[in-house]
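Remarks on the structure that follows.
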Amino acid sequence: MFFERSFFPDYFSIDDIMATQERVPCKFEVQVLRLGFLDQGSESEHINAGTNMELPYWLARALGHQRQKIVSVDIPKVYKEAYREILKADSCVVDLYKFGAYFYEFGIYISLLGHREGPEIREILVKTFRERLRQVTDWAQNMEAEPGRILRLDTLERGLLHSGQKAHCQLEAWLTSGAGGLVASTMVVQHKKRRLAMENQI
């Protein structure tokens, strides 16, 4: 069975739930009463306007899309220009797991927040995935890939790697034992017999 993870948007997907749990930097645009305990660095009973705080994406998106915007959401640093330049230089040497366990899926969510950098984020996600997919495919066919390298893959890439390795094992098993059971079809055998008979008549 091949790669079965479900991706954005999927309400019942564990991967989707985990991706939207990632935190994003937010700034409160209005005062929020009696929730000051959420800001551990504040002694106020309320969250005051102008307070900066990191919130889970699912909560930040809901608060930022109200008719009266409660928070403004910023882009996490790993998707900003400095990090995009690192990926453009050579994405294959980057420890993508340190950027985020769900780097690609969370990146899709971030690119849809409405920031002007959204198109650039989507572009670097596609470019990075294409370049690193060659590497993942290579490792899938080489069962002795170094564990340290595999740890640099994000969740999506690890899933693809494991599926590729499984498919490679199945192919090797079929080539070793399955191919021995192949027999010529009746049509082919009869054609050869007719051809041989015609040659003998000549």
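The shortest heavy-atom contact between R23 and P56 is NH1-CD, 3.8 Å. Smallest separation of non-hydrogen atoms from I110 and P76: CD1-CD, 3.7 Å. For the pair S111 and I108, the tightest heavy-atom approach, listed with the atom from each and the gap, is OG-O, 2.7 Å. Closest approach of C26 to V71, counting heavy atoms only: CB-CB, 4.2 Å. Minimum heavy-atom separation, D16 to E105: OD1-OE2, 2.8 Å.
Without hydrogens or angle criteria, S42 side chain to D39 main chain gives no donor-acceptor distance under 3.5 Å. With hydrogens and angles disregarded, a donor-acceptor distance shorter than 3.5 Å links the side chain of H115 to the backbone of V73.
There is no side-chain donor-acceptor pair under 3.5 Å between Y109 and E22.
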Donor-acceptor contacts under 3.5 Å from residues 58-65 side chains, at least two apart:
from : atom 1 : to  : atom 2 : distance (Å)
W58  : NE1    : Q21 : OE1    : 2.8
R61  : NH1    : Y57 : OH     : 3.4
H65  : ND1    : R61 : O      : 2.9

Determine, stepwise, if the pair R122 / L112 fulfils side-chain contact (heavy atoms from CB on, under 4.5 Å). CA-CA 9 Å; R122 288 191 290 274; L112 298 175; 3.9 Å; yes
Given the rule in the side-chain contact (heavy atoms from CB on, under 4.5 Å) test, do W139 and L153 qualify, once you have shown the distances and angles that lead to the verdict? CA-CA 11 Å; W139 292 350; L153 304 178; 3.8 Å; yes
Quick one, Q31 with I47, criterion side-chain contact (heavy atoms from CB on, under 4.5 Å). Give me CA distance, side-chain angles, the key distance, then yes/no. CA-CA 6 Å; Q31 186 183 56; I47 298 177; over 6 Å; no
For side-chain contact (heavy atoms from CB on, under 4.5 Å), just list the numbers for I86 and E81, CA-CA rounded to whole Å, side-chain angles, deciding distance to a tenth of an Å, and then say yes or no. CA-CA 9 Å; I86 293 172; E81 185 176 2; over 6 Å; no
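In this structure, T51 and V32 have side chains that are not in contact, with every pair of non-hydrogen atoms separated by 4.5 Å or more. Side-chain contact between P25 and N52 is absent, with no heavy-atom pair separated by less than 4.5 Å. A heavy-atom distance below 4.5 Å is not found between the side chains of V24 and E54. Inter-residue side-chain proximity for R84 and E123 is flagged as unmet; no heavy-atom pair is nearer than 4.5 Å. Between S13 and I17 there is no side-chain heavy-atom pair separated by less than 4.5 Å. With a 4.5 Å cut-off on side-chain heavy atoms, R132 and V94 count as touching. Using a 4.5 Å heavy-atom threshold, the side chains of D15 and Y102 count as touching. F129 is listed as a side-chain neighbour of L160, based on a closest heavy-atom distance under 4.5 Å.
Evaluation of the ring-ring contact (aromatic ring centres under 6.0 Å, His included) test over residues 15-50, restricted to residues two or more places apart or in two chains, returns none.
Atoms CG and OG, on L113 and S72 in that order, are 11.0 Å from each other to the nearest 0.5 Å. Atom CG of D154 is separated from atom OG1 of T128 by 10.5 Å, given to the nearest 0.5 angstrom. Here the NZ atom belonging to K27 is positioned 10.5 Å from the CG atom belonging to D74, to the nearest 0.5 angstrom. E157 contributes atom CD, which lies 8.5 Å from atom CG of L133 (distance to the nearest 0.5 angstrom). Annotation: the span from I124 atom CD1 to E120 atom CD amounts to 10.0 Å, rounded to 0.5 Å. To the nearest 0.5 Å, atoms CZ (R158) and CZ (R152) are separated by 11.5 Å.
With sequence neighbours excluded, no residue satisfies side chain to side chain donor-acceptor pair (under 3.5 Å) with K69.
The hydrophobic clustering, which links ILVMFWY residues whose side-chain heavy atoms are closer than 4.5 Å, places Y104 and I150 together. Cluster membership check: I75 shares its hydrophobic cluster with L87, using side-chain heavy-atom separations under 4.5 Å among Ile, Leu, Val, Met, Phe, Trp and Tyr. Transitive grouping of hydrophobic side chains (ILVMFWY, heavy atoms separated by less than 4.5 Å) keeps L151 and V136 in distinct clusters. Residues Y97 and V78 do not share a hydrophobic cluster, defined by chaining ILVMFWY side chains whose heavy atoms lie under 4.5 Å apart.
Within a 6.0 Å sphere centred on NZ of K98, heavy atoms belonging to other residues, nucleotides or ligands number 12 at most. Other residues, nucleotides and ligands place no more than 12 heavy atoms under 6.0 Å from the CD atom of Q40.
For Y79 and F103, the gap between ring centers is short of 6.0 Å.
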